[in-house]
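When a ligand or atom number is given, it counts from 1 through the structure's own listing order. Given the structure is predicted, the values throughout are model-derived calculations rather than measurements.
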Amino acid sequence: MQKNIVITGGTSGIGLACAKYLIDNQYTVIITGRTELNLKNALKVLENKATGYISDTSSLEDIDILVEKIKIRFKKIDGLFINAGIFKAAGFEDTTENIFDQTMGINFKGAFFTIQKFIPILNNPSSIVLNTSIVVFKAFKNTSVYTASKAALESIAKVLNIELTQKGIRINIISPGVTESPIQKKSGMDDNAIDDLLRHFSETSPIGRILQPKDIAPILEFLLSKNSLVLRNEKIIVDGGTTL
Ligand SMILES: NC(=O)c1ccc[n+]([C@@H]2O[C@H](COP(=O)([O-])OP(=O)(O)OC[C@H]3O[C@@H](n4cnc5c(N)ncnc54)[C@H](OP(=O)(O)O)[C@@H]3O)[C@@H](O)[C@H]2O)c1
């Protein structure tokens with residue numbers, strides 16, 4: 001039977017590439033995003049083989065509505081990719097309350113309550129995969145709040161693996177390195193800074209190129225599949241070896 005997988009933030013970059021890969025591998029895919037036009041374009045890219053919902057992951061009300069809609073249409077799901085996220089480049093001294101609240105609100109609070117509210121419709125067994133980042137263990141300037149949001153997200157995986165074990169829910173982590181996606185443009189970095197960043201990670205990477213969103217997809221598929229049934233709180237660093 002086909003497995004139902006929800007990808008939050010599936011309208012762009014890593015989420016969209018993962019949606020495409022899972023569809024090509026016979027999964028039923030449900031994507032979310034907060035921008036109507038981006039959702040429409042993503043569904044077009046996916047040749048309308050996915051179901052899409054507008055849902056702001058930082059709004060608990062939106063998450064409730066999303067879960068209700070998915071419950072009516074699909075009854076239960078087998079996997080949840082906690083992927084929706086933002087990055088705003090800002091030095092520690094320039095980080096405003098707004099950047100702090102937005103980043104924590106989407107990357108951590110939104111992720112936290114998305115997991116909580118999806119529990120009733122997660123099958124036994126099912127798999128939750130958290131998309132964090134290499135920033136959790138390697139320091140990069142201008143990422144203080146982003147780093148905190150991803151470290152907070154990783155920190156709950158252990159606890160949830162203990163609390164949710166009776167429900168057959170396992171939680172694992174993908175920790176991507178710098179991956180070329182629209183996130184860089186949205187970060188507030190100018191084009192030169194983005195070019196420098198991507199060039200640096202291409203030149204210094206053991207794989208000789210910058211990571212692409214589609215590089216993450218087979219790793220996600222493994223963590224969603226029964227091949228990873230015995231893994232709990234495993235973190236797979238997908239960075240082409242840049243942090244070695
Ligand atoms: N690219 C990298 O270098 C990298 C490295 C490590 C980790 N990551 C993580 O990977 C994840 C995906 O990043 P990406 O590079 O693919 O970025 P992206 O292309 O900007 O995609 C981000 C996705 O998240 C969605 N999103 C953002 N805020 C949302 C909200 N409040 N509610 C619902 N959806 C929301 C976006 O939807 P809209 O278009 O509607 O806003 C979009 O679908 C993020 O969690 C990011 O932190 C990225």
Side-chain angles (χ1 to χ4, degrees), residues 6-21 29-43 45-46 50 52-63 65-66 80-89 99 101-114 117 129-138 140 142-143 145-154 173-189 194 197-198 200-202 205 209-217 219-220 235-240 242-243:
V6 173
I7 300 178
T8 66
T11 59
S12 170
I14 294 172
L16 179 58
C18 288
K20 186 170 177 354
Y21 184 89
V29 174
I30 302 145
I31 59 170
T32 74
R34 59 181 169 171
T35 317
E36 190 84 46
L37 182 64
N38 293 355
L39 180 64
K40 216 171 133 197
N41 288 338
L43 292 173
V45 169
L46 299 172
Y53 296 109
I54 288 293
S55 180
D56 181 342
T57 207
S58 66
S59 154
L60 272 62
E61 199 189 336
D62 271 23
I63 306 170
I65 295 168
L66 174 70
L80 176 59
F81 185 32
I82 297 291
N83 170 74
I86 59 163
F87 166 58
K88 299 292 171 200
I99 293 177
D101 288 345
Q102 258 193 60
T103 307
M104 293 304 276
I106 294 171
N107 296 5
F108 181 54
K109 181 182 163 198
F112 186 104
F113 286 103
T114 299
K117 290 174 182 297
V129 181
L130 311 179
N131 191 351
T132 65
S133 169
I134 56 170
V135 298
V136 173
F137 61 91
K138 181 169 170 52
F140 292 89
N142 302 331
T143 70
V145 180
Y146 180 73
T147 296
S149 72
K150 294 297 188 180
L153 183 55
E154 274 196 15
I173 297 162
I174 290 180
S175 176
V178 175
T179 305
E180 187 173 10
S181 85
I183 204 170
Q184 283 97 26
K185 199 98 180 156
K186 299 175 195 168
S187 72
M189 292 164 75
I194 295 173
L197 176 84
L198 298 180
H200 170 77
F201 278 94
S202 302
S205 169
R209 64 169 175 84
I210 194 80
L211 285 170
Q212 295 298 320
K214 66 177 193 294
D215 293 319
I216 316 292
I219 315 300
L220 173 68
K235 173 157 85 176
I236 304 187
I237 299 164
V238 189
D239 73 342
T242 49
T243 52

### Query
So which protein residues pack against ligand 1 under 4.0 Å, heavy atoms counted?
G9, G10, T11, S12, G13, I14, G33, R34, T35, N38, S55, D56, T57, N83, A84, G85, I86, I106, N131, T132, S133, Y146, K150, P176, G177, V178, T179, S181, P182, I183, Q184, K186
### Summary
By side chain to side chain donor-acceptor pair (under 3.5 Å), S205 pairs with (sequence neighbours left out) none
### Task
Only counting residues at least two apart or in another chain, list the ones meeting side chain to side chain donor-acceptor pair (under 3.5 Å) with D56.
S58
### Message
When you compare the side chain of K235 with that of F137, does any pair of heavy atoms fall below 4.5 Å?
### Response
yes
#### Entry: Heavy-atom side-chain contact between L60 and K117 under 4.5 Å
yes
Donor-acceptor list for residues 6-16 side chains, cut-off 3.5 Å, not counting sequence neighbours:
residue: T8; atom: OG1; partner: F81; partner atom: O; Å: 3.4
residue: T8; atom: OG1; partner: N83; partner atom: N; Å: 3.0
residue: T8; atom: OG1; partner: A84; partner atom: N; Å: 3.0

### Task
Using a strict 4.0 Å threshold on nitrogen-to-oxygen distance, state whether D239 and K138 make a salt bridge.
no
